[in-house]
Amino acid sequence: MKPIITKSKFAFIGTIFFLLFLMGVSSKVNAQTLIAGWDFQTTTTGGTAAAVSPATPKVYNANFGSGTIYFDGTNNSSSWFVPVTGSTNTELNSFAGTAVNAGPGFSVVTSGASSLALVGGLAQASNGKFAIFSFSMTGYINLTVSYASQRSTTGFTNQIWEYSTNGTTWTPLNTVTTVPAAFGTITLPTTTGLDGAANAYLRFSGTGATATTGNNRLDNIQLNATVGVPFNTNPISGSPFCISDDSGTVVNVPYTYGGTFNPGNILTVELSSSTGSFASPVSIGTLSTTSSVGSVSAIIPAGTASGSGYRIRVVSSDPVGISNNNGSNLTIDKVVAVASNNGPVCAGLSLQLFSNGGSTYSWTGPNGFSNSNQNPTIATTVAADSGVFIATAISTLGCTDTASTLAIVQTCGCLPPTITSSVQEPSCNGGSNGSIDITVSGGVSPYTFQWSTTAITEDVSGVSAGVYSVIVTDAILCTDTFYITVGEPTLMAPTVVVTHPGCPGTSDGSIDLSVSGGTPGYTYLWDTGALTEDVSGLPAGLYSVTITDANGCITYAFGVLNNPGVFSLSSINTDVACAGVNSGSIDLIASNDTSNNSNPGLLISEFLANPAGTDSSKEWVELIATKFINFATTPYTVIVANNGGGTTKGWVQGGVASATTNGTYAFEISSGTVSAGDVFYVGGSNMNVTGLKLRTIDVSTTGGDGGIGSATTGGILGNGGTNADGIAVFNAPVSTLDSNSVPVDAIFFGTGTGGASEWRSRWIYITY
């Protein structure tokens, strides 16, 4: 009896064969090739074996296929720490491995140094560090990454993977948030972003390590990809490609494909970023074709940024494929010309043309105009000069763009407007409360105004001394430019003539004050309360006066009265030779100490520490002279001391003057002359004062005079902190000073001085 085979049985058998066929096809289509693999033990295939610290390598060549892992700074990897000896704080180490995820030929030995460990390191410094995988995807698509990994309890909690085709621009691939405690296989999503890339990169980083020895172990890393049909974008000619904001340029893109495109296939040309990245490509052209060899005409869009690292590739739709890029950098040169003019102008006046956007220029225009200047001028215009002028901007690469500007030159039928002006000077020298009031005549009203201050009003105020211009344009666009000068009062200049007391302790001294400059109508306020110009009936001492002119401007003057020396008598007696003989004599010698050695010569009147809130070479000390001094013959020295310095060497402690170091700094005044009442300054070379500067030093590069004080990027004056800061004046050259030297004037300042003001008052009292 023959077996009976029903139709349904045949159908079932057919279905089985069909499914088996599909499985075979699917297996063939999805079969992948190991393009790079690391087992961190086998070295016979040319790979790099892991080793325990401190011999752990920082570069690993693949044991299978071709590729390299970098931990040494190469290809923008981080430099992972490996100690010279021992294993302290290491960030790379090795431990026992696994057979999990081992590929064909991989070592399955699990003992000894057979897996790579990425360790937290000192203060978990390896959190966020990068390991870079470098390999090639030429001829391959659909990259899949798999590896065996396990985590110690304090190792990385997250493993972050990214990919790139240039090693600088990175695209996220996957973040692994669950790393098993015992070796398990981790497989990343398949990516097409590296399809066909001649230079392909993966970047690994870990986060979440919480201990020095916390680690992730990696073993049996496999990079698998599908063999792809060769698809290439061939070399492209025409670089540099010239574009502007409103005009692109055509580029011909040749390609070759090793297979057969299906009917309905669309080729799309993609343009990379200026760094060669296709992370966000721009579609610049398409072609419907099944031809495996040909070219696509594309247009680089207007407005594309200039750059020299562009690449182009071709993408197919059926079958889906991505070609290699064109293989070399392309330059896009964007040139955007700009043109304008100062018209409308009246015939007979000048027309100014302006252009920008290039490195060289070319102009053409009406009435036969041509010029190669960037901003040419037609000095004397005629009506025929009206029209459109065209500027061509030319880049250094020879790319060009044009822009036009309409210039109007008209016969105005009138004279340009004219002005008269009234100027109000600033009240004080250096002030800014001046004003200019102009009156316009001629032309055709209404008028418009353009001042050099950018004001557009007829009159301006709040101006300082200087020259100002205003362009006046009338209703029919006739224009002219006018210049107005604003002056200012001269500086007030007080002169002081002193008459010293006749005898020590008397009050018959006087000060004769005269003032020039400013605005006359001066008023006076002396520190004695006197309101007169001159004062008399004065004992020895320092006097100051505030002078105010008619405009309220203020200046100051000082006068110093000195006591004469003490008058004394002495005698030389000669006895008589014999009794009754008138041969005796008395020789009286009267003297008055006019040397006035008790006069200190210089007093400290003011100082500025920490100008604008910052220690700098802008710091200064102000001094006032109490007598005539020629510093070339009588040198003086000013010393500043900081933070309580000088405990053993007095005012010549020496060293760097800073907020953290005890020290002093010296300025020797050895040139110039001053008279009683003169005010002058010593200090940093950048001091911002108006007046006589007799000794300046760039303290940032030069130490103090006589070796007292070192160069410092900070200042030389203390900031008045909890320690005492001081300033002293010596009537001696710096070379003669030692720990026993006594100043002629000194002040102390800071919260730690206790009685600085009392000390100064007693010193002045003794001086006079």
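This chain uses plain numbering: 1 for the first residue, then up along the sequence. Excluded from the calculations below are hydrogen atoms, water molecules and symmetry mates; all remaining heavy atoms, backbone and side chain alike, are included.
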(request) Using modelled atom types only, decide if a donor and an acceptor are shared between the side chain of Asp527 and the backbone of Tyr543 within a distance under 3.5 Å. (result) no
(message) Before you tell me yes or no, could you show the steps for Asn433 and Ser427 under side-chain hydrogen bond (donor to acceptor under 3.5 Å, both in side chains), namely the whole-Å CA-CA distance, both residues' side-chain angles and the distance that decides it to 0.1 Å?
(response) CA-CA 7 Å; Asn433 61 341; Ser427 302; 2.8 Å; yes
(request) Evaluate the side-chain proximity of Phe156 to Ser126: yes if any heavy-atom separation is below 4.5 Å, no if none is. (result) yes
(request) Supply the atom-to-atom distance Lys618 NZ to Met687 CE, rounded to the nearest 0.5 angstrom. (result) 12.5 Å
(message) Less than 4.5 Å apart, side chain to side chain, heavy atoms only: is that true for Val638 and Ile669?
(response) yes
(request) State whether the side chain of Glu668 and the backbone N or O of Val734 hold a donor-acceptor pair below 3.5 Å, judged by distance alone. (result) yes
(message) Could you check, using the six-membered ring where one of them is a Trp, whether Trp651 and Phe748 have ring centers closer than 6.0 angstrom?
(response) yes
(request) Starting at CG of Asn89, measure out to CG of Leu122 and round the result to the nearest 0.5 Å. (result) 4.5 Å
(message) Apply side-chain hydrogen bond (donor to acceptor under 3.5 Å, both in side chains) to residues Thr168 and Asn166 and explain how you reach the verdict.
(response) CA-CA 6 Å; Thr168 56; Asn166 57 17; 3.1 Å; yes
(request) Indicate yes or no: at least one non-hydrogen side-chain atom of Tyr468 is less than 4.5 angstrom from one of Val486. (result) yes
(request) Report yes or no: does Thr506 contribute a side-chain atom to a donor-acceptor pair with the main-chain N or O of Cys503 at less than 3.5 Å? (result) yes
(request) Please name the residue in the list Glu622, Glu606, Lys693 that meets the side-chain hydrogen bond (donor to acceptor under 3.5 Å, both in side chains) test with Tyr681. (result) Glu622
(request) Looking only at non-hydrogen atoms, find the nearest pair between Ser274 and Gly307 and report the distance. (result) CB-CA, 4.4 Å
(message) Closer than 3.5 angstrom, by distance alone: can the side chain of Thr633 be matched with the main-chain N or O of Asn630 as a donor-acceptor pair?
(response) yes
(request) Using side-chain contact (heavy atoms from CB on, under 4.5 Å) as the criterion, point out the one residue from Asp725, Leu608, Val640 that pairs with Leu717. (result) Val640
(message) Just by distance, no angles: are the side chains of Ser700 and Asp698 close enough, under 3.5 Å, to form a donor-acceptor pair?
(response) yes
(message) Rounded at 0.5 Å granularity, tell me how far CD in Glu91 sits from CG in Asn215.
(response) 12.5 Å
(message) The criterion is ring-ring contact (aromatic ring centres under 6.0 Å, His included); which residues satisfy it with Phe71, sequence neighbours excluded?
(response) Trp80
(request) Identify the two heavy atoms, one from Pro539 and one from Pro501, that lie closest to each other, and give their separation to 0.1 Å. (result) C-CG, 4.1 Å
(request) Report yes or no: does Ser464 contribute a side-chain atom to a donor-acceptor pair with the main-chain N or O of Ser432 at less than 3.5 Å? (result) no
(message) What's the separation between atom CD1 in Ile160 and atom CZ in Phe204, rounded to the nearest 0.5 Å?
(response) 8.5 Å
(message) How close do Thr637 and Ala666 get, counting heavy atoms only, and between which atoms?
(response) CG2-CB, 4.4 Å
(message) Looking at every heavy atom in both Gln450 and Ile456, which two are closest together, and how far apart are they?
(response) OE1-CG2, 3.6 Å
(request) Give a yes or no on this: more than 12 heavy atoms of other residues, nucleotides or ligands lie within 6.0 Å of atom CG of Asp738. (result) yes
(request) Kindly indicate whether the side chain of Ile629, heavy atoms from C-beta on, has any atom under 4.5 Å from the side chain of Leu602. (result) yes
(request) Return yes if some donor-acceptor pair links the side-chain N/O of Lys58 with the main-chain N/O of Ser79 below 3.5 Å, else return no. (result) no
(request) Ignoring hydrogens and angles, tell me if any N or O in the side chain of Thr626 forms a donor-acceptor pair with the backbone of Gly601 under 3.5 Å. (result) yes
(request) Quick one: closest heavy-atom pair of Pro733 and Leu737, and the distance? (result) O-CG, 3.7 Å
(request) Any chance you could lay out the side chain to side chain contact (heavy atoms under 4.5 Å, CB included) test for Thr532 and Leu513, step after step, and finish with the verdict? (result) CA-CA 9 Å; Thr532 57; Leu513 174 67; over 6 Å; no
(message) Please give me the minimum heavy-atom distance between Ile604 and Ala746, naming the atom from each residue.
(response) CD1-CA, 4.0 Å
(request) Take Tyr524 and Thr546, measure what side chain to side chain contact (heavy atoms under 4.5 Å, CB included) needs, and give me the verdict at the end. (result) CA-CA 6 Å; Tyr524 312 91; Thr546 302; over 6 Å; no
(request) Flag the pair Tyr665 / Ile639 as yes when at least one side-chain heavy-atom distance between them is below 4.5 Å, and no otherwise. (result) no
(request) Could you grab the distance from atom CG of Asp534 to atom CD1 of Ile511, nearest 0.5 Å is fine? (result) 9.0 Å
(message) Using a 3.5 Å distance criterion without hydrogens, assess whether the side chain of Asn93 forms a donor-acceptor pair with backbone atoms of Ser53.
(response) yes
(request) Check the pair Thr519 / Asn551 against side-chain hydrogen bond (donor to acceptor under 3.5 Å, both in side chains), numbers first and verdict last. (result) CA-CA 6 Å; Thr519 304; Asn551 288 338; 2.8 Å; yes
(message) With a 4.5 Å cut-off on side-chain heavy atoms, are Asn76 and Phe130 touching?
(response) no
(message) Please report the interatomic distance CG(Asn563) to NE2(His500), rounded to the nearest 0.5 Å.
(response) 10.0 Å
(request) May I have the step-by-step check of side chain to side chain contact (heavy atoms under 4.5 Å, CB included) for Ile132 and Thr74, ending in yes or no? (result) CA-CA 8 Å; Ile132 301 296; Thr74 302; over 6 Å; no
(message) Please determine whether side chain to side chain contact (heavy atoms under 4.5 Å, CB included) holds for the pair Trp620 and Val682, giving the CA-CA distance in whole Å, both sets of side-chain angles, and the decisive distance to 0.1 Å.
(response) CA-CA 6 Å; Trp620 48 262; Val682 300; over 6 Å; no
(request) Step through the shown structure and confirm whether more than 12 heavy atoms of other residues, nucleotides or ligands are within 6.0 Å of CG on Leu525. (result) yes
(message) Within the structure provided, determine whether Ser510 and Val535 are in side-chain contact (heavy-atom separation under 4.5 Å).
(response) no
(message) Cation-pi check for Phe667 against Arg695: NZ or CZ below 6.0 Å from the six-membered ring centre and within 45 degrees of the axis, yes or no?
(response) no
(message) Treating Asp508 as the side-chain partner and Gly502 as the backbone partner, does any N or O pair qualify as donor plus acceptor under 3.5 Å?
(response) yes
(request) Taking ring-ring contact (aromatic ring centres under 6.0 Å, His included) as the test, write out the residues that go with Tyr70, two or more places apart. (result) none
(request) Answer yes or no: is there a side-chain heavy-atom contact under 4.5 Å between Leu694 and Val674? (result) yes
(message) Tell me whether Asp678 contacts the main-chain N or O of Ala676 through its side chain, where contact means a donor paired with an acceptor under 3.5 Å.
(response) no
